[in-house]
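Each chain gets a letter, A, B and so on, in the order the sequences are listed, and its residues count up from 1.
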Number of protein chains: 2
Amino acid sequence: MDVSVKGEYALRAVFDLAGRDAPGPVKIADIAQRQEIPQKFLELILAQLKKGGFLESRRGADGGYFLAQPATEITIGAVLRHIEGSLSPGRKMYRNGSPENSPFPEFWNQVEQALSGVIDKTTFADLVERWREKNTHRAANWEI
Amino acid sequence: MDVSVKGEYALRAVFDLAGRDAPGPVKIADIAQRQEIPQKFLELILAQLKKGGFLESRRGADGGYFLAQPATEITIGAVLRHIEGSLSPGRKMYRNGSPENSPFPEFWNQVEQALSGVIDKTTFADLVERWREKNTHRAANWEI
DNA sequence: TTAATCTCTAGTAAGTTGATAGAGATTGTC
DNA sequence: GACAATCTCTATCAACTTACTAGAGATTAA
């Protein structure tokens, strides 16, 4: 029951992009530095996020990544599911068509719903907002 | 974000023991067969559950395992945490004392609480009860 | 004593994770 | 058009984890 480091990097990267006010693409190198993520690893993650439809990019000089949708419409759950695969903790149980008369599937279902109640209802806009509330007088990461 | 096969085996084993009406120890081999768990692997898991204070055992002929506490007092969360370690999905994030001004710790806290609301409030007695409700006319697994 | 059990210590094959390397494809600028 | 800056794609890899397996040892009931 854990989110991989890769998943965490993905969340931080999207958060970084969601927090930018100025329009225009952001360089991988910048995200990598601000979020302390190994750049080459981040490249793979951003490419995957792009395939998932969360990000868009532009190459060449002055290229970079930017959100494909408004931050109010990207949930943590969506990003995490795309990077980590299913988040259902009990998905392996009785996967071979074993006992149907088990209480576990129902139980895991409850767990999944509880989880979903948080991760699928929190957007990156929410995260940025919370972050700003806590840092009204401090300088923002992305305002250098 | 996943429960390991080992964790699932542990839950099934405790569930198996919680569902027994007759007193007295249950053999590893029996649990292994009913729950379809490789016996040698189950041995390790049961030993670990014993160390965690969930089970007790008796060796020798007519030996076996049995619950160390009533099933009403053993929660899924307790067993899972003991087998899997922390269930906090975001525990790795900013583990190196990085940004304190991040919205993520707070977010992961919410996730943890939502999770806890289910797994720390469901006991094995609950599971057995649910199981029995669904199987009032069918033969129980452990009644052979 | 013997057979049945739990117990303890090792080992291990397969898979996953968290990267790194380097060449290729685009794009803006001079 | 050359060139530099970026993203993009494919391959590789060491370290670690997972899910087991093996086998000898300790304890108990009959």
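Close to D/dC20, at under 4.0 Å from its OP1 or OP2, lies a side-chain N or O of B/Y9. Between B/S4 and D/dT17 there is no side-chain N or O to OP1 or OP2 distance below 4.0 Å. Within the structure, every side-chain polar atom (N or O) of A/K6 is placed at least 4.0 Å from both OP1 and OP2 of C/dT16.
Across the protein-nucleic acid pair, B/K50 atom NZ and D/dA26 atom P stand 16 Å apart, rounded to whole Å. Here D/dC9 presents its C1' atom at 14 Å from CD of A/Q48, a figure rounded to the nearest Å. Atom pair A/F41:CZ and C/dT17:C1' shows a separation of 7 Å (rounding to whole Å applied). With rounding to whole Å, B/I31 atom CD1 is found 13 Å from C/dT5 atom P. For the pair A/L55 CG and D/dC7 P, the computed distance is 12 Å after rounding to whole Å. Rounded to an integer number of Å, the gap from CD1 of B/I45 to C1' of D/dT21 is 13 Å. Counting to the nearest Å, the C1' atom of C/dT17 and the CD1 atom of A/I83 are 14 Å from each other. Residue B/L42 contributes atom CG, which lies 14 Å from atom P of C/dT5 at whole-angstrom precision.
For the atom pair CG (B/L49) and OG (B/S57), the distance works out to 11.5 Å, reported to the nearest 0.5 Å.
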Decide yes or no on side chain to side chain donor-acceptor pair (under 3.5 Å) for B/E73 and B/T123, but give the supporting numbers first. CA-CA 6 Å; B/E73 302 197 359; B/T123 69; over 6 Å; no
Run the side chain to side chain donor-acceptor pair (under 3.5 Å) test on B/D126 and B/T122 for me, step by step, so that the C-alpha distance in whole Å, both residues' side-chain angles and the decisive distance to 0.1 Å come before the verdict. CA-CA 6 Å; B/D126 295 331; B/T122 306; 5.0 Å; no
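Here the side chain of B/K27 is nearest to one of C/dC6, D/dT8, C/dG18, namely C/dC6. Of the listed nucleotides (C/dG18, D/dA19, C/dT20), C/dT20 has the atom at the smallest distance from the side chain of A/L44.
The environment of B/Q33 atom CD is sparse: at most 12 non-hydrogen atoms of other residues, nucleotides or ligands sit within 6.0 angstrom. In the displayed structure, A/Q39 atom CD is contacted under 6.0 Å by more than 12 heavy atoms of other residues, nucleotides or ligands.
For A/G63 against A/P25, the heavy-atom pair with the smallest separation is C-CB, 3.8 Å.
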Scoring nucleotides 23-30 of chain C by protein non-hydrogen atoms under 4.0 Å (B base, S sugar-phosphate only, - none) yields -BBBBS--
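Here A/K51 lies out of heavy-atom contact (under 4.0 Å) with every strand.
Partner of A/Y9 under the side-chain contact (heavy atoms from CB on, under 4.5 Å) criterion, chosen from A/I45, A/I31, A/I83, A/V14: A/I45.
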